[in-house]
Amino acid sequence: MNESYAEAGVSVKPPFSSLFLKTLLIVGIVFSAILALLTGNALLTSVAAVLVVLAVYFMPRLSKMEYEYIFCDGQFDFDRITGGAKRKNLLKVDMENVEVIVSPDRRSEYDNPSITNVKNFSDNVKTAFMMIASLEDKQLKIYFKPTDKMIECMYNKAPSKVKK
């Protein structure tokens, strides 16, 4: 059995929309709580309670985000994990569809500016590896941060496609 398996993960800063929703939720809680206390209105009190419940549920999901990469016997899985609990599979790429995987140092040699479909699964594009793959008649540029073990597994699977 000649299987190769490696996984890696990278924590990223949540997108602006998550931070905006988090801020909006906090402002809504404070505003409705102040109104409920000043007016003594039961409806405003229940709205404040609902907002607190929503905040308790959504705050962890809006605060933490990471990407996980799994390379298993020639197939890449790119997943997003939000709040440390919710996992969503974003992309699956087979090594047969990969044209090249390039280290950050050699990216300028292989970068193709005409490829407009870009997926960023890293915390910093400048220090990330770049993969160019063909999926469903379109080319993709994928930025990710593999571990050394993952680089070795990819190189063992297809040495001509991995440029260290």
Under 4.0 Å between a Lys/Arg side-chain N and an Asp/Glu carboxylate O for K13 and D123?
no

Ignoring hydrogens and geometry beyond distance, is a side-chain donor-acceptor pair present between S114 and N112 at under 3.5 Å?
yes

Tell me if the CD atom of E99 is crowded by more than 12 foreign heavy atoms within 6.0 Å.
yes

Let me check something: do V118 and Y110 share a hydrophobic cluster, defined by ILVMFWY side-chain heavy atoms less than 4.5 Å apart, either directly or through other members?
yes

Do you know which two heavy atoms are closest between M95 and I101, and how far apart they sit?
CE-CD1, 3.9 Å

Any side-chain heavy-atom pair from M154 and P146 closer than 4.5 angstrom?
yes

If two hydrophobic side chains count as joined below 4.5 Å and joins carry through other members, does L140 share a cluster with I70?
no

Going through the distances and angles, do F144 and F78 end up as a ring-ring contact (aromatic ring centres under 6.0 Å, His included)?
CA-CA 9 Å; F144 67 110; F78 295 97; 5.7 Å; yes

So T127 and K145, side chain to side chain contact (heavy atoms under 4.5 Å, CB included) or not? Walk me through it.
CA-CA 8 Å; T127 60; K145 286 205 168 172; 2.8 Å; yes

Following the transitive rule for hydrophobic clusters with a side-chain heavy-atom cut-off under 4.5 Å over Ile, Leu, Val, Met, Phe, Trp and Tyr, establish whether V50 and I26 coincide in one cluster.
yes

Check the pair V93 / L135 against side chain to side chain contact (heavy atoms under 4.5 Å, CB included), numbers first and verdict last.
CA-CA 8 Å; V93 179; L135 296 174; 4.0 Å; yes

Do S4 and N156 touch side chain to side chain, with heavy atoms closer than 4.5 Å?
no

Are I115 and F129 linked, directly or through other ILVMFWY residues, by side chains that come within less than 4.5 angstrom of each other?
no

Within a reach of under 6.0 Å around NZ of K119, are more than 12 heavy atoms found that belong to other residues, nucleotides or ligands?
no

For a 4.5 angstrom cut-off between non-hydrogen side-chain atoms, does I132 reach V98?
no

Any side-chain donor-acceptor pair under 3.5 Å between K64 and S11?
no

With no hydrogens and no angle check, is any side-chain donor or acceptor of R107 less than 3.5 Å from a backbone partner on A128?
yes

Hey, could you give me the CG/CD distance between N97 and Q139, rounded to the nearest 0.5 Å?
11.5 Å

Show your working on side chain to side chain contact (heavy atoms under 4.5 Å, CB included) between D111 and M130 and close with a plain yes or no.
CA-CA 8 Å; D111 196 6; M130 179 182 68; 3.8 Å; yes

Hey, does Y5 have a side-chain heavy atom less than 4.5 Å from the side chain of C153?
no

Would you say Y69's side chain and F121's backbone share a donor-acceptor pair under 3.5 angstrom?
yes

Under 4.5 Å between side-chain heavy atoms, hopping through other hydrophobics if needed: is there a path connecting V162 to V100?
no

Is E68 salt-bridged to R87, going by a charged N under 4.0 Å from an acidic O?
yes

Any sub-3.5 Å donor-acceptor pair from K163's side-chain atoms to R106's backbone N or O?
no

So, are E152 and K149 salt-bridged, with charged N and O less than 4.0 Å apart?
no

Applying side chain to side chain contact (heavy atoms under 4.5 Å, CB included) between Y67 and each of L90, I81, D79, report the one that passes.
L90

What distance separates F31 CZ from L24 CG, expressed to the nearest 0.5 Å?
12.0 Å

Once rounded to the nearest 0.5 Å, what's the spacing between atom CD of Q75 and atom NZ of K92?
5.0 Å

Can you check whether K157 reaches D73 side chain to side chain, under 4.5 Å on heavy atoms?
yes

